[in-house]
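These notes are about the structure you will find just below.
Chain naming here is simple, since letters A, B, ... match the order of the sequence lines and numbering starts at 1 in each.
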Amino acid sequence: MISVTFPDGASRQFAPGISGLDIAKSISPSLANRSIAMSVDGVLTDLADPILRDAKIEFLTREDPRALELIRHDCAHVLAEAVQALYPGTQVTIGPVIENGFYYDFFRNEPFTPEDFAGIEGKMREIIARDRPFTKEVWSREEAKRIFRDKGEAFKVELIDAIPPDQEIKIYRQGDWFDLCRGPHMTSTGKVGNAFKLMKAAGAYWRGDSRNPMLSRIYGTAWVNGKDLEAYLKQIEEAERRDHRRLARDMDLFHFQEEAPGAVFWHPKGWTLFQTLIGYMRRRQTAAGYLEVNAPQILDRALWEQSGHWQNYHANMFITQTEDDRIFALKPMNCPGHVQIFKHGLKSYRDLPAKIAEFGAVHRYEPSGALHGLMRVRAFTQDDAHVFVTEQQIRAESIKVNDLILSIYEDFGFHDIVVKLATRPDRRVGSEELWDNAEAALASILDQVRQRAGGRVKTAVNPGEGTFYGPKLEYVLRDAIGRDWQCGTLQLDFNMPGRLGAFYIDEHSNKVTPVMLHRAMLGSLERFTGILLEHYAGNLPLWLSPVQVTVCTITQEADDYAREVMAAARAQGLRVVGDLSNEKINYKVREHSLAKVPVLFVVGKKEAAQRTVSIRRLGSPEQKAAALEEALAALVEEVMPPDARRAE
RNA sequence: GCCGCGGUAGCUCAGCUGGUAGAGCAACGCAUUCGUAAUGCGUGGGUCGGGGGUUCGAGUCCCUCUCGCGGCACCA
């Protein structure tokens, strides 16, 4: 007999090999009915699986949070069956669960389009209504390959070959249709329910490799009930409302046009925001001991060959050729330039750490399909810096960089941070020993980062994602609607200084190659601007708002006073504009609210007479009257950037 | 770069199976001087993304380039 323990701590004896379903039945028929799968010692399995030894068992109903994954997975299988029923000759490949849903990749000469969705969804509903049980079979490797080969499923045969020899080949049937799958599944197709929707069609490479054939992917979403589905669709709409490209139009911040793909045309308001960001970052890093520089935009090919960028990234660089046939490249990175500045003049160990910073404009010829608003551009500005250190200084300086980055994120309203250690990639320069040392050093720094943050910051490892010259820490922040953005980076580089001939003189008069820390805090300032806009849904904090106050008149009789108010506000350093147009106040309030102006001063005859303003804040219909001087004083206090506020 | 979809007035979009362009908002003009999310009337505005082809005739069909959108791949 085996002993089965239930969540309430009770345990009972059963014959070995009894199925979960039979155990559920022995407890109560309704439990057996409602259960769609079970957890055995914390692992989700089919309800029909036999229990062979002592175990902790928990039955899952459809409403269990853990069931959502099964609903989505089963829904993917239903999708695949529906597609093969409607489009014979289509091959199936894989169909995993992803965040908020699932997808299934098919191989078909003619890819699927959203127009196919209605038909497919209809067929899916039929399959779900049929409510056929999911049943598992274990096949021999040879038999499985033969059957899938006979069905013309070449991709499945490849998948079977990739399954490690010690693992079983599991097949799940749902009626006449079956698929290779590691499971688990719910008890029947009917459990999928009707809260699903096919979302989009897209191409995707077989096994994620661009050398492989392109498959046709269908994305779907599935939920426990219609209410959750509706909520999810609402959430997508909300994300669309926050789209920085849309906000840019509403707020008149920037635009793109065909002649400069992937490069921003900043409008006055957008540029104000951008410069406000730079101003803040400049103050923060100057206070932290960085020295700002500016290195050339265009540098000779030879330098890029020396740095290794030419070999590794030639295809992604903008190259120019001049009349005399010299070949130059627009800088894709700032580090070689900064190394030149470091090398200029003999450096002593007393000069280290040397912190060289630049708001460096870089150009990268990104693949056309990668471009995406401000989030992925070909010309951007990095808040870049290179800290030249001795080996002994690596740790302390890295921690300083870390603390600065985290403090800055806090100021921008990001509190949910993950720091990841990205280790050596396949394509790299430098010896294994250098990499061993560099990774070990960063791993230990990561450890300290976690300890210092006291649970406020999570850490993780990102294998193989380091740069070609060194491992890095990646700073990932989570925005207001739960999306993750990798912004900051701290790269430990034992290679580049040596390659570019940088050295310092140590205390024994020896030439020593320094170690270089590459660091960016916000990363691409263009991209960070986009992230900020979406994080705040355009409602930027006052200190960042390009227009902080708009003065709106009610009648022309208030024009003179409005001009006076504007002048007074401007004199106090506020970013103010006026709307003296011949429009009703309703119209003006609407216009400037849509343009996300945080503060409206409304002035009419009454205000002019009393020297007051009527204040309306973005997002609230409330009106507050205040004396002009008081209103301005309060705003001046409020628009102060976080660092200035701390310094007070 | 790859797969799919798209580009019509400043913006959002309509234009069926080919018969030489339309709405709302915006802009401009006039009237209105108004109290917190769209005042009324009027006027102007488009080589339908570029090029080529089919056709008596192309915004509409075909090819191609380009840009954008959704994914994939890439992201020093």
Side-chain angles (χ1 to χ4, degrees), chain A residues 103 105 108 110-116 199-219 243 245-246 249-250 255-262 304 307-309 311-313 315-317 331-336 362 364-373 375-378 380 382 425 427-429 465-470 472 486 489 491 493 496 518 520 523-524 527 552-559 582-595 600-607 614-625:
Chain A
Y103 66 77
D105 284 348
R108 181 172 179 245
E110 190 168 337
F112 295 105
T113 73
E115 280 157 35
D116 301 321
M199 302 299 285
K200 49 196 174 195
Y205 297 108
W206 167 236
R207 298 186 145 183
D209 189 326
S210 57
R211 289 165 302 193
N212 286 342
M214 178 68 67
L215 306 172
S216 180
R217 174 174 297 179
I218 296 177
Y219 283 94
D243 190 307
R245 293 163 298 187
R246 180 202 172 99
R249 257 202 312 275
D250 294 346
H255 81 270
F256 290 92
Q257 64 188 48
E258 277 198 36
E259 291 81 355
W304 301 111
S307 70
H309 288 93
Q311 296 83 326
N312 281 290
Y313 288 102
N316 300 308
M317 289 165 72
K331 65 174 176 181
M333 284 191 81
N334 301 300
C335 29
V362 294
R364 296 178 182 179
Y365 190 73
E366 303 285 4
S368 58
L371 303 182
H372 180 92
M375 302 307 191
R376 192 76 184 273
V377 287
R378 286 182 174 153
F380 59 102
Q382 288 179 311
R427 229 170 37 152
R428 58 180 181 262
V429 296
E465 295 293 317
T467 73
F468 74 85
Y469 47 74
K472 60 179 175 178
Q486 196 221 298
T489 173
Q491 303 167 5
D493 182 357
M496 195 73 70
H518 305 238
S524 153
R527 179 163 168 272
C552 301
T553 52
I554 287 172
T555 95
Q556 279 176 353
E557 290 177 63
D559 282 4
N582 179 15
E583 287 291 349
K584 291 188 162 186
I585 192 61
N586 282 301
Y587 181 90
K588 295 186 185 183
V589 166
R590 177 180 155 83
E591 283 298 288
H592 302 116
S593 298
L594 290 175
L600 299 184
F601 280 178
V602 176
V603 297
K605 279 185 266 191
K606 193 173 79 191
E607 286 77 11
S614 167
I615 305 167
R616 183 183 170 119
R617 303 291 296 236
L618 182 58
S620 160
E622 205 182 316
Q623 302 162 39
K624 219 179 85 193

- prompt: Is the charged tip of A:R427 near the ring of A:F468: under 6.0 Å from the six-membered ring centre and within 45° of its axis?
  reply: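 No; the conditions do not both hold, so A:R427 does not lie above the ring face of A:F468.
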Taking the six-membered ring of A:F112 as reference, does the NZ or CZ atom of A:R108 fall below 6.0 Å from its centre and within a 45° cone about the axis?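 Yes, A:R108 lies over the aromatic ring of A:F112.
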Notebook entry, point to check: Toward the 5' end of RNA chain B, which comes first, A:A204 or A:P111, by nearest nucleotide?
Noted result: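 By nearest-heavy-atom nucleotide position, the 5'-most residue is A:P111.
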Practice task
By nearest nucleotide on RNA chain B, pick out whichever of A:R245 and A:V602 is the more 5' one.
Solution key: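 Whichever sits nearer the 5' end wins; that is A:V602.
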Can you measure [X] atom [atom1] to [N] atom [atom2] for me and round it to whole angstrom units?
X: A:M214; N: B:C72; atom1: CE; atom2: P; result: 11 Å
X: A:R211; N: B:C3; atom1: CZ; atom2: P; result: 17 Å
X: A:R378; N: B:G1; atom1: CZ; atom2: C1'; result: 10 Å
X: A:M199; N: B:C69; atom1: CE; atom2: C1'; result: 15 Å
X: A:E115; N: B:G4; atom1: CD; atom2: C1'; result: 11 Å
X: A:D105; N: B:C3; atom1: CG; atom2: P; result: 16 Å
X: A:L594; N: B:U36; atom1: CG; atom2: P; result: 17 Å
X: A:E366; N: B:G1; atom1: CD; atom2: P; result: 13 Å

- Task: Tell me, yes or no, whether the heavy-atom count around A:E115 atom CD, taken from other residues, nucleotides or ligands under 6.0 Å, exceeds 12.
- Result: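 No.
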Identify whether any heavy atom of [X] sits under 4.0 Å from a base atom; if not, whether one sits that close to sugar-phosphate; answer base, sugar-phosphate or nothing.
X: A:Q311; value: nothing
X: A:Q491; value: sugar-phosphate
X: A:P261; value: sugar-phosphate
X: A:F256; value: nothing
X: A:N316; value: base
X: A:H518; value: nothing
X: A:G308; value: nothing
X: A:K624; value: nothing
X: A:S210; value: sugar-phosphate
X: A:S368; value: base
X: A:K584; value: base

May I ask you to check whether [X] and [Y] show a side-chain donor-acceptor distance below 3.5 Å?
X: A:Q257; Y: A:H255; value: yes
X: A:R207; Y: A:Y205; value: no
X: A:E366; Y: A:N316; value: no
X: A:K588; Y: A:T553; value: yes

Worksheet item: Parallel, tilted or perpendicular: which fits the ring planes of A:Y469 and A:H518, with parallel below 30° and perpendicular above 60°?
Response: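 Correct class here is parallel.
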What integer number of Å spans the [atom1] atoms of [N] and [M]?
N: B:C5; M: B:G49; atom1: C1'; result: 16 Å
N: B:A21; M: B:C2; atom1: C1'; result: 36 Å
N: B:A38; M: B:C74; atom1: P; result: 49 Å

Report the nucleotide, chosen from [options], that has the shortest atom-to-atom distance to any side-chain atom of [X].
X: A:L371; options: B:A76, B:G68, B:G1; answer: B:G68
X: A:H372; options: B:G35, B:C74, B:G70; answer: B:G70
X: A:Y469; options: B:C34, B:A73, B:A76; answer: B:A76
X: A:R217; options: B:C72, B:G70, B:A37; answer: B:C72

May I ask you to verify if any side-chain N or O of [X] is less than 4.0 angstrom from the OP1 or OP2 atom of [N]?
X: A:R616; N: B:G35; result: no
X: A:H255; N: B:G10; result: no
X: A:K200; N: B:G70; result: no
X: A:Y103; N: B:C72; result: no
X: A:S216; N: B:C3; result: no

Handout entry: Residue-level proximity of residues 586-593 of chain A to RNA chain B when a heavy atom falls under 4.0 Å
Key =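 Heavy-atom contacts with RNA chain B come from A:N586, A:Y587, A:V589, A:R590, A:S593.
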Is there side-chain contact between [X] and [Y], with at least one heavy-atom pair below 4.5 Å?
X: A:S593; Y: A:L618; answer: yes
X: A:K331; Y: A:W304; answer: yes
X: A:E607; Y: A:V602; answer: no

Should [N] form a Watson-Crick or G-U wobble pair with both distances under 3.5 Å, which nucleotide is its partner?
N: B:U43; value: B:A27
N: B:A37; value: none
N: B:U60; value: none
N: B:A14; value: none
N: B:C5; value: B:G68
N: B:U55; value: none
N: B:C75; value: none
N: B:A21; value: none

[X] (side chain) and [N] (base): donor-acceptor pair under 3.5 Å:
X: A:E258; N: B:U66; answer: no
X: A:Y205; N: B:G71; answer: no
X: A:R249; N: B:C11; answer: no

Notebook entry, point to check: Where the side chain of A:R217 meets the backbone of A:A204, is there a donor-acceptor pair that is under 3.5 Å apart?
Noted result: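 Answer holds: no.
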